[in-house]
Enquirer: 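Here it is, the structure, as structure tokens.
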Amino acid sequence: ARVTNDSNGVYDATIVENPPSDCKMMKNEIFGPVIGLRKFSDFKKVIDEVNDSKYGLQAGVFTNDFNKAIYAFENIEVGGVCINEIPSRRCDAMPYGGTKDSGVGREGLKYRQ
């Protein structure tokens, strides 16, 4: 992948096709416009691969299969699972947070001290 940086420190969006499941970009949090895209045939195996990370902030799952959506919601080990949505917007009153090395606990109105 070619990543460029303009004079303002803005990086180009980058799509990496078929990265190995054990490469750094698939195992670590990337704070930038990067996504790895891979084909799969076993939905449950993909969920296992997602969980095989020390991070767990948010996940977006896109499917028309209600049973897969419920399976993802119940089995992905992250702070929030968005179905057919991206995890980029929330209201301040909504709880937000991660699991594993992506954070401890929740934030939001109810969770403030």
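Everything quoted here is computed from the prediction, not taken from an experiment.
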Enquirer: So if you build clusters from Ile, Leu, Val, Met, Phe, Trp, Tyr with side-chain heavy-atom gaps below 4.5 Å, do Val50 and Tyr71 land together?
Expert: yes
Enquirer: To check you understand the geometry: which heavy-atom pair defines the closest contact between Pro19 and Gly36, and what is its length?
Expert: CG-CA, 4.0 Å
Enquirer: Counting heavy atoms not belonging to Asn64, are there more than 12 under 6.0 Å from its CG?
Expert: no
Enquirer: Measuring from atom CD1 of Ile47 to atom CD1 of Ile76, what distance do you get when rounded to the nearest 0.5 angstrom?
Expert: 3.5 Å
Enquirer: Please determine whether the number of non-hydrogen atoms from other residues, nucleotides or ligands lying under 6.0 Å from atom CZ of Phe73 exceeds 12.
Expert: no
Enquirer: Are Ile83 and Val46 joined in one hydrophobic group, where the rule is that I, L, V, M, F, W and Y side chains link up if heavy atoms are under 4.5 Å apart?
Expert: yes
Enquirer: What about Phe66 and Phe43, same hydrophobic cluster or not, with Ile/Leu/Val/Met/Phe/Trp/Tyr joined at side-chain heavy-atom distances under 4.5 Å?
Expert: no
Enquirer: Provide the closest heavy-atom pair for Gln58 versus Cys82 in the form atom of the first, atom of the second, distance.
Expert: OE1-SG, 4.3 Å
Enquirer: Measuring from atom OG1 of Thr63 to atom CG of Asn84, what distance do you get when rounded to the nearest 0.5 angstrom?
Expert: 7.0 Å
Enquirer: Output every pair passing salt bridge (charged side-chain N to carboxylate O under 4.0 Å, His left out) with a member in residues 49-72, not counting sequence neighbours, ordered by first then second residue.
Expert: Lys27-Asp52, Arg38-Glu49
Enquirer: Taking atom CD1 of Ile35 and atom CD of Glu17, what is their separation to the nearest 0.5 Å?
Expert: 11.5 Å
Enquirer: Over all heavy atoms of both residues, which pair between Val81 and Ala72 is shortest? Give the atoms and the distance, please.
Expert: CG2-O, 4.2 Å
Enquirer: So how far is it from Asn75 CG to Asn51 CG, rounded to the nearest 0.5 Å?
Expert: 7.5 Å
